[in-house]
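Okay, structure first, notes after.
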Amino acid sequence: MRIYNSITRKKEEFIPVIPGQVGIYVCGPTVYGPATLGHARTYTNFDVIVRAFRFLGYKVKYVQNITDVGHLVGDADEGEDKIAKRAKLEQLDPYEVAYKWELEYFNAMRALNIEPPSISCRATGVIPEIIEMVQTLIDKGFAYATPQGNVYFSIRKYPKYNQLTNRKIEEALSGERIEIADDKQAPEDFALWKKAEPEHLMRWNSPWGVGFPGWHVECSAMGKKFLGDNFDIHGGGLDNIFPHHECELAQGECANGVLPMNYFMHNNLLTVDGVKMGKSLGNFITIAKALEDNSASTLRLFIIQFHYRSPIDFTNDGLVQAAKQFDKIASAVAKVRGKTNEIAELKSEITSDIFAKIKVALEDDFNTPVVISEVLHAVKEINKTDDIQLLKEFNYIIQKIFEEVLGFEFEVQTEKVAHENVVPDNILELAEQRWQAKQGRDFARADELRKQLDEIGYVIVDEKGSYKVEKK
RNA sequence: GGCUCGAUAGCCAAGUGGUAAGGCAGAGGUCUGCAAAACCUCCAUUCCCCGGUUCAAAUCCGGGUCGAGCCUCCA
């Protein structure tokens with residue numbers, strides 16, 4: 001098993017802390033708005049990674065946070081955090097806002113057939129652990145509390161700062177939630193704990209006064225709580241690499257005495273028609289919207305066709321291609337399952353070869369594009385054969401790879417199609433007339449009826465000795 | 001401006017030292033009265049450009065050009 005480690009910028013052999021087990025932490029969403037295709041990309045990527053680990057025999061503990069403590073609003077809205085701002089707009093309690101979007105997030109994930117993490121934890125649920133970690137950092141001399149009630153991490157105490165992004169320390173601007181304070185010893189120091197202004201609704205007591213945690217500590221505290229001082233993998237979107245992950249590395253290593261994660265994995269981002277997707281740019285597509293026109297499996301296939309470290313440009317053409325490919329896969333699966341539901345051990349050269357290649361691809365930094373190409377290879381072989389024994393073997397690959405690792409859903413798909421294909425009686429009548437004409441070798445009449453049906457949106461597909469009518 | 005990553009056929013996309021996977025589109029064929037689907041065959045002497053290392057480079061090194069992301073919250 002080899003994975004690309006952002007810390008060393010190299011593909012490395014994966015050596016788990018505990019043999020046979022994987023502890024993975026992935027940065028979750030800030031719940032202040034709808035889940036977008038960006039979220040779909042990131043969590044589909046890590047979903048497949050976790051599924052692949054399990055398929056390869058690892059026991060996985062997958063932890064994800066829900067950031068329900070807001071972040072600084074980008075523009076001139078001084079002092080307000082995102083969640084508090086939204087709450088005022090909607091006349092809701094900030095906890096209500098956070099919970100509403102958290103539910104939406106989980107619904108969107110479920111709709112995409114993304115398995116929930118082993119542990120999902122809200123930032124507001126680890127306030128004691130955060131305070132404890134901040135205190136540790138102060139005690140060890142890496143952080144300092146100011147008379148104003150803020151606590152900052154002193155970057156100069158951690159010479160390795162910026163190991164992920166190679167930035168010069170002078171350029172490392174602070175990434176804290178509130179930018180009023182000038183009580184820092186150095187401008188690049190980042191906040192661990194911030195004093196709450198009177199209008200700030202989310203607030204907790206602490207040794208430094210009433211306040212709320214800085215942006216980066218929640219992930220460190222949670223990772224430590226659920227996975228220990230030193231765990232295997234920390235993942236997240238590339239956009240979090242700076243400053244968030246740099247800060248995590250710094251505070252984590254200083255607090256724990258050891259680098260918290262052995263591997264850092266970053267998935268690349270998603271653009272829409274070549275442009276970055278952002279809430280502020282107004283070009284974001286929500287998952288709910290995307291699912292109106294596409295099946296979850298099509299979206300998954302679209303995402304998985306790219307390597308997780310490559311950028312994805314979301315275009316209509318790309319989606320159309322993915323939909324076509326998924327239909328192709330689904331009809332091959334339908335063929336197999338139409339003939340047999342049994343599963344057989346892989347004995348033939350063709351199935352074991354495909355299976356082996358998929359395994360190799362997954363073990364090589366989760367190379368899903370290569371996996372998909374083997375999936376299409378399997379589809380081709382399925383279409384070529386009527387050997388029941390062989391189809392039973394393919395059934396195994398379909399279950400293990402198509403469904404368990406890649407997360408495609410087929411049953412739902414076919415049921416849905418069947419449901420949508422309720423054809424009215426008058427159409428059935430026309431189709432039957434056409435069939436009779438064909439049987440009577442009156443092809444002119446048959447073609448005429450086919451054309452008529454086509455015009456009202458129905459397609460006839462002839463099969464051996466029978467036919468099917470389908471809505472286009 | 002600094003940092004990081006990328007540039008592979010009409011389009012999308014793997015491959016990171018041993019002689020270019022796969023898909024879409026396109027061309028031809030088999031099957032079918034026709035059609036659809038499926039299957040078969042063809043479709044990059046070449047991997048942005050220029051130099052270098054090597055028996056050997058799309059793959060490594062140097063220099064360009066272009067593109068994306070980060071440097072402010074973001075998956």
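Basis for what follows: all heavy atoms, side chains included, without hydrogens, waters or symmetry-related copies. Convention: sequence-line order gives letters A, B, ...; per-chain numbering from 1.
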**Message:** Looking only at the aromatic ring of each residue, does the gap between the centers of A:F226 and A:Y62 stay below 6.0 angstrom?
**Reply:** no

**Asked** Starting at the 5' end of RNA chain B and moving along, which residue's nearest nucleotide shows up first, A:D313 or A:E374?
**Response** A:D313

**Request:** Answer with base, sugar-phosphate or nothing: what part of the nucleic acid does A:K276 contact at a heavy-atom distance below 4.0 Å?
**Result:** base

**Message:** Taking the P atom in each of B:G22 and B:U41, what is the distance between them to the nearest angstrom?
**Reply:** 11 Å

**Request:** Establish whether the base of B:G33 is bridged to the side chain of A:R434 by a donor-acceptor pair shorter than 3.5 Å.
**Result:** yes

**Asked** Are A:Y152 and A:F190 an aromatic pair by the rule of ring centers under 6.0 Å?
**Response** no

**Item:** Side-chain donor/acceptor of A:D462 to base of B:C34, under 3.5 Å
**Value:** yes

**Asked** Which whole number of Å gives the distance between the P atom of B:U30 and that of B:A35?
**Response** 12 Å

**Prompt:** What nucleotide, of B:U4, B:A35, B:C39, holds the atom closest to the side chain of A:N383?
**Reply:** B:C39

**Message:** Looking at A:N240, I'd like to know whether one of its side-chain N or O atoms comes within less than 4.0 Å of OP1 or OP2 on B:A75.
**Reply:** no

**Message:** Is the ring pair A:Y105/A:H39 parallel, tilted or perpendicular, if the boundaries are 30 and 60 degrees?
**Reply:** perpendicular

**Request:** Compare side-chain N and O positions of A:K451 against OP1 and OP2 of B:A35 and report whether any pair is under 4.0 Å apart.
**Result:** no

**Prompt:** So how far is it from A:N240 CG to A:H216 NE2, rounded to the nearest 0.5 Å?
**Reply:** 10.0 Å

**Asked** So how far is it from A:F366 CZ to A:I304 CD1, rounded to the nearest 0.5 Å?
**Response** 12.5 Å

**Asked** Which part of the nucleic acid, if any, lies within contact of A:L270, taking any heavy atom under 4.0 Å across all strands shown: a base, the sugar-phosphate backbone alone, or nothing?
**Response** base

**Message:** Does A:R450 contact B:C34 through a side-chain donor or acceptor facing the base, at a distance under 3.5 Å?
**Reply:** yes

**Asked** Phosphate oxygens OP1/OP2 of B:A38: is one of them under 4.0 Å from a side-chain N or O of A:S331?
**Response** no

**Asked** Applying a 3.5 Å limit to both distances, which nucleotide forms a Watson-Crick or G-U wobble pair with B:A7?
**Response** B:U65

**Base paired to B:C34 (Watson-Crick or G-U; both N/O distances under 3.5 angstrom)** = none

**Pairing partner (Watson-Crick or G-U wobble, both distances under 3.5 angstrom) of B:A14** = none

**Item:** Whole-angstrom distance between B:A9 and B:A58, as gauged at atom C1'
**Value:** 14 Å

**Message:** Could you tell me how far B:C43 sits from B:G52 if I compare only their C1' atoms? Round to whole Å.
**Reply:** 35 Å

**Prompt:** Does OH in A:Y99 sit with more than 12 non-hydrogen atoms of other residues, nucleotides or ligands closer than 6.0 Å?
**Reply:** no

**Request:** Starting from P on B:U16, measure out to NE2 on A:H307 and report it in whole angstrom.
**Result:** 11 Å

**Prompt:** Could you give the CD-to-P distance, from A:Q321 to B:A13, as a whole number of Å?
**Reply:** 9 Å

**Fill in**
Any strand, both distances under 3.5 Å, Watson-Crick or G-U wobble: B:U59 pairs with none

**Prompt:** A:K335 has an atom NZ; how far is it from atom P of B:C39, in whole Å?
**Reply:** 9 Å

**Request:** Check whether any side-chain nitrogen or oxygen of A:N367 sits under 4.0 Å from OP1 or OP2 of B:G15, and answer yes or no.
**Result:** yes

**Request:** Identify whether any heavy atom of A:F306 sits under 4.0 Å from a base atom; if not, whether one sits that close to sugar-phosphate; answer base, sugar-phosphate or nothing.
**Result:** sugar-phosphate

**Prompt:** Taking OP1 and OP2 of B:A75, is either one under 4.0 Å from a side-chain nitrogen or oxygen of A:T30?
**Reply:** yes

**Prompt:** Any side-chain N or O of A:K384 less than 4.0 Å from the OP1 or OP2 oxygen of B:C40?
**Reply:** yes

**Asked** Does A:K384 pair with A:E381 as a salt bridge, N-O distance under 4.0 Å?
**Response** yes

**Message:** Which nucleotide wins on minimum distance to the side chain of A:Y43, given the candidates B:G22, B:C70, B:A75?
**Reply:** B:A75

**Asked** Which of these nucleotides, B:A75, B:G33, B:A21, is closest to any side-chain atom of A:R441?
**Response** B:G33

**Item:** Aromatic plane relationship, A:F302 with A:F314 - under 30° parallel, 30 to 60° tilted, over 60° perpendicular
**Value:** perpendicular

**Prompt:** A:G237 near the nucleic acid: base, sugar-phosphate alone, or nothing, with a heavy-atom cut-off under 4.0 Å?
**Reply:** sugar-phosphate

**Request:** Can you figure out which of B:G2, B:G22, B:A75 approaches the side chain of A:P29 most closely?
**Result:** B:A75

**Prompt:** Given the P atoms of B:A44 and B:A38, what is the spacing between them in whole Å?
**Reply:** 23 Å

**Message:** Taking pairing as Watson-Crick or G-U wobble with both contacts under 3.5 Å, can you name the mate of B:C42, or confirm there isn't one?
**Reply:** B:G26

**Asked** In terms of side-chain geometry, is the basic nitrogen of A:E409 or A:R110 positioned less than 4.0 Å from the acidic oxygen of its partner?
**Response** no

**Prompt:** How many Å lie between CG on A:L112 and C1' on B:A75, as a whole number?
**Reply:** 13 Å

**Request:** Answer yes or no: does a side-chain N or O of A:K328 lie under 4.0 Å from OP1 or OP2 of B:C24?
**Result:** yes

**Asked** Rounded to whole angstroms, how far apart are NZ on A:K11 and C1' on B:U16?
**Response** 8 Å

**Message:** Tell me the interatomic distance from A:K380, atom NZ, to B:U41, atom C1', rounded to whole angstroms.
**Reply:** 11 Å

**Request:** Identify which nucleotide among B:A75, B:G22, B:A13 has an atom closest to any side-chain atom of A:L269, counting heavy atoms from C-beta outward.
**Result:** B:A75

**Asked** Expressed in whole Å, how much space separates the C1' atoms belonging to B:U8 and B:A21?
**Response** 12 Å

**Prompt:** Below 4.0 angstrom from OP1 or OP2 of B:A75, is there any side-chain N or O of A:N267?
**Reply:** no

**Request:** Scan A:I460 against the nucleic acid and name what it touches under 4.0 Å (heavy atoms): base, sugar-phosphate only, or nothing.
**Result:** base

**Nearest-angstrom distance, C1' atom, B:A68 to B:C50** = 24 Å

**Request:** Could you work out the separation of B:G6 and B:U16 based on their P atoms and round it to a whole Å?
**Result:** 12 Å

**Request:** Tell whether A:D447 reaches the base of B:G33 with its side chain through a donor-acceptor pair below 3.5 angstrom.
**Result:** yes

**Prompt:** Looking across every strand, which nucleic acid part, if any, lies under 4.0 Å from A:M109 by heavy atom: base, sugar-phosphate, or nothing?
**Reply:** nothing

**Request:** Using a heavy-atom cut-off of under 4.0 Å over every strand shown, decide if A:T315 touches base, sugar-phosphate, or nothing.
**Result:** nothing

**Prompt:** B:U53 pairs with which nucleotide, Watson-Crick or G-U wobble, both distances below 3.5 Å?
**Reply:** none

**Prompt:** Nearest to the side chain of A:T165, which nucleotide is it out of B:C24, B:C3, B:G2?
**Reply:** B:C3

**Prompt:** Between B:A75 atom P and A:M277 atom CE, what is the distance in whole Å?
**Reply:** 10 Å

**Asked** Want to settle it: does A:I312 or A:H39 sit nearer the 5' end of RNA chain B, counting the closest nucleotide to each?
**Response** A:I312

**Request:** Inspect the contact between A:K357 and A:D353 and indicate whether a charged nitrogen and a carboxylate oxygen are less than 4.0 angstrom apart.
**Result:** yes

**Prompt:** What integer distance in Å separates A:Y4:OH from B:U4:P?
**Reply:** 11 Å

**Message:** Students often get this wrong, so: under 4.0 angstrom with heavy atoms, is A:H377 touching a base, only sugar-phosphate, or nothing?
**Reply:** nothing

**Asked** Contact class for A:N166 vs. all strands (heavy atom < 4.0 Å): base, sugar-phosphate, or nothing?
**Response** sugar-phosphate

**Request:** For A:L238, answer base if it contacts any base atom (sugar-phosphate contacts may also be present), sugar-phosphate if it contacts only those atoms, and nothing otherwise; contact means non-hydrogen atoms under 4.0 Å.
**Result:** nothing

